[in-house]
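Keep in mind that what you see is a predicted model, and the values were worked out from it rather than measured. Just so we're on the same page: letters track the sequence lines, and every chain starts at 1.
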2 protein chains.
Amino acid sequence: MAASGTLDIFLRSTFGVEPGSHVGRELRDLSNEIALKKGKTAPLDHSINLTVYLASGATKLVAHAKGGREQIVAFHFGGDIISVPADAMHASSLVALKDSLLIVFPSREFYDRGASEPAILRPLLDRAQTALHRCRDKAVGLGRKNARERVASFLLSMAERMESVEEEALVLDLPMSRRDIADSLGLTIETVSRQFGELRDAGLVLTGGRSRVRLCDPAALADMAGHF
Amino acid sequence: MAASGTLDIFLRSTFGVEPGSHVGRELRDLSNEIALKKGKTAPLDHSINLTVYLASGATKLVAHAKGGREQIVAFHFGGDIISVPADAMHASSLVALKDSLLIVFPSREFYDRGASEPAILRPLLDRAQTALHRCRDKAVGLGRKNARERVASFLLSMAERMESVEEEALVLDLPMSRRDIADSLGLTIETVSRQFGELRDAGLVLTGGRSRVRLCDPAALADMAGHF
DNA sequence: CGCTTAATTGAGAGCCTTCAATCATCGTGG
DNA sequence: CCACGATGATTGAAGGCTCTCAATTAAGCG
């Protein structure tokens with residue numbers, strides 16, 4: 001059960017619910033606040049579906065397949081709501097890309113408490129739809145696009161979801177490593193690196209350090225992303 | 001606006017809502033019933049998000065990428081609720097695999113009407129979660145599994161969702177073509193066909209005609225599906 | 001400033017795709 | 001009921017894109 005003001009902010013900003021209200025107190029009782037250091041895996045109960053609010057930071061949701069293979073199923077940023085499924089065909093784990101603050105709820109109880117309060121369920125439903133649509137777009141990339149298109153697509157989607165470092169230009173400070181990008185795009189580190197290189201050679205992006213990427217020509221990137 | 005009893009069944013079985021109630025009548029006003037012949041694409045308004053109830057039959061949701069590439073994002077069977085997104089990065093279309101009966105709602109209005117009635121939103125949220133989890137499992141397959149694992153995985157997931165033709169044995173009557181399977185698994189028709197052949201040679205499945213598949217050894221299939 | 005880890009770059013192999021031909025299935029019409 | 005035609009499925013050979021393995025370079029932290 002969380003005690004800090006993080007939950008209060010969550011309840012107010014996402015649902016418009018007063019922390020002191022009946023639902024507010026019920027949800028507080030369900031909640032579990034976790035501060036997660038960069039690179040650490042959240043210690044979660046994987047026997048049930050979980051709903052996680054990412055108050056701050058960035059995370060990746062990783063699905064594990066046989067043979068140590070990993071597929072990153074989604075990235076998350078501050079304010080996102082994450083659905084962590086109970087272990088089924090693939091086990092999953094939630095890992096911090098930066099120091100992060102999580103609030104964890106058991107989904108079933110969360111939905112049950114929220115059922116009386118439409119203000120709860122509606123935003124959750126909208127978020128779930130968004131997550132579903134993102135996952136489908138990812139599936140299209142994984143199933144039908146080549147490495148070039150996947151990387152271009154990835155950069156554009158990150159540009160949509162992250163703040164640009166500079167005012168005038170699109171400069172991203174990617175919190176994830178090349179391995180993370182590869183695991184998200186269904187590629188290898190080497191292939192991702194080669195694609196970055198070719199995009200750089202083509203003048204479409206500039207890279208600085210390990211995490212900095214400048215999108216010089218977003219239109220050209222969009223053109224090669226393979227979107228319909 | 002639909003007039004038949006199909007909507008009534010939907011409201012009662014899925015939400016426990018009486019068709020004659022206030023919400024029931026509101027939802028009826030929003031609804032649009034479509035009978036779709038096998039192979040036909042549903043004539044939908046792709047400028048907004050849609051929520052579709054598949055009363056009977058089977059459908060595929062196809063996402064289109066540049067160059068005529070298609071990725072089947074999900075299959076659906078009678079009783080399923082389908083979320084059809086407004087055209088964004090990828091246009092999508094809903095196609096009948098068998099003669100099907102659909103009830104179409106604009107998502108926003110549907111959710112708005114349902115917001116007053118928690119019995120509506122909760123099942124929708126659960127369905128959305130299920131769809132999300134399925135899509136993630138698909139993403140793992142598309143990103144990290146070889147052809148063999150994808151086909152084995154596909155057969156098992158179909159076995160979970162469809163009725164077996166025979167009592168004792170797992171015999172499926174697949175409504176989708178090899179092309180559909182390929183478009184769902186991110187492979188080509190030829191590769192899918194070769195995998196079926198090898199599975200047959202290995203004694204794991206038996207095929208009869210174009211659509212009949214008998215799963216002789218589900219355990220062995222599960223073992224080669226690459227699930228964690 | 002040095003060390004550890006991540007990223008880049010190169011060469012060769014593998015899995016799936018592409019292209020092409022043959023075969024089977026199933027709906028249709030005689 | 002069977003022959004026929006059209007579409008779908010199977011099978012084969014060659015090529016391509018990404019992976020794997022290996023070495024080098026760069027980045028970032030102590």
Whole-Å distance between [N] [atom2] and [X] [atom1]?
X	N	atom1	atom2	value
B:Arg212	C:dC26	CZ	P	10 Å
A:Glu198	C:dG10	CD	P	11 Å
A:Arg194	D:dT25	CZ	P	17 Å
B:Phe196	D:dA9	CZ	P	10 Å
B:Leu199	D:dT10	CG	P	12 Å
B:Asp180	D:dT7	CG	P	17 Å
A:Lys145	D:dT18	NZ	P	14 Å
A:Leu174	D:dA27	CG	P	16 Å

For the side chain of [X], starting at C-beta, report the closest nucleotide among [options].
X	options	result
B:Arg200	C:dT18, C:dT8, D:dT10	D:dT10
B:Leu187	C:dC19, D:dG8, C:dT17	C:dT17
A:Ser177	D:dA9, C:dT9, C:dA7	C:dA7
B:Arg178	C:dT18, D:dT10, D:dT18	D:dT10
A:Ile189	C:dT8, C:dT18, D:dC19	C:dT8

Note: B:His133 and A:Ser83 closest approach over all heavy atoms is NE2-OG, 3.3 Å
Between B:Ser92 and B:His64, is there a side-chain donor-acceptor contact under 3.5 Å, judged purely by atom types and distance? no
Among side-chain atoms of A:Arg210 and A:Ser177, is any donor-acceptor pair under 3.5 angstrom? no
Donor-acceptor pair under 3.5 Å: do we get one between A:Glu190's side chain and the base of D:dC21? yes
Got a donor-acceptor pair under 3.5 Å from the side chain of B:Arg210 to the base of D:dT7? yes
Taking ring-ring contact (aromatic ring centres under 6.0 Å, His included) as the definition, give me every residue that meets it alongside A:His227, ordered by chain and number, with sequence neighbours left out. B:His90
For B:Ser193 and D:dA9, is the shortest distance between a side-chain N/O and OP1 or OP2 below 4.0 Å? no
Counting just side-chain N and O atoms, does B:Thr191 come under 4.0 Å of either OP1 or OP2 of C:dC16? no
Can you work out whether A:Asn146 or A:Gly209 has the more 5'-proximal nearest nucleotide on DNA chain D? A:Asn146
Assuming nearest nucleotide by heavy-atom distance, tell me which of A:Gly208 and B:Arg179 is located more 5' along DNA chain D. B:Arg179
Salt-bridge criterion met for B:Glu149 and A:Arg69 (N-O under 4.0 Å): yes
Other residues, nucleotides and ligands only: do more than 12 of their heavy atoms fall within 6.0 Å of NZ on A:Lys98? no
Angle of first-five versus last-five pair axes in the helix from C:dC1-D:dG30 to C:dG30-D:dC1, to 10 degrees: 50°
Test your reading of the model: is there a side-chain donor-acceptor pair from B:Asp99 to the backbone of B:Lys38, 3.5 Å cut-off? yes
Side chains of residues 71-80 of chain B: which donor-acceptor pairs under 3.5 Å do they make with residues two or more places apart or in other chains?
{"unit_1": "B:Gln71", "atom_1": "NE2", "unit_2": "B:Asp183", "atom_2": "O", "d": "3.1"}
{"unit_1": "B:Gln71", "atom_1": "NE2", "unit_2": "B:Ser184", "atom_2": "O", "d": "3.0"}
{"unit_1": "B:His76", "atom_1": "ND1", "unit_2": "B:Thr59", "atom_2": "OG1", "d": "3.0"}
{"unit_1": "B:Asp80", "atom_1": "OD2", "unit_2": "B:Phe77", "atom_2": "N", "d": "2.9"}
{"unit_1": "B:Asp80", "atom_1": "OD2", "unit_2": "B:Arg161", "atom_2": "NH2", "d": "2.8"}

For B:Gly186, which contact category applies under a 4.0 Å heavy-atom criterion: base, sugar-phosphate, or nothing? sugar-phosphate
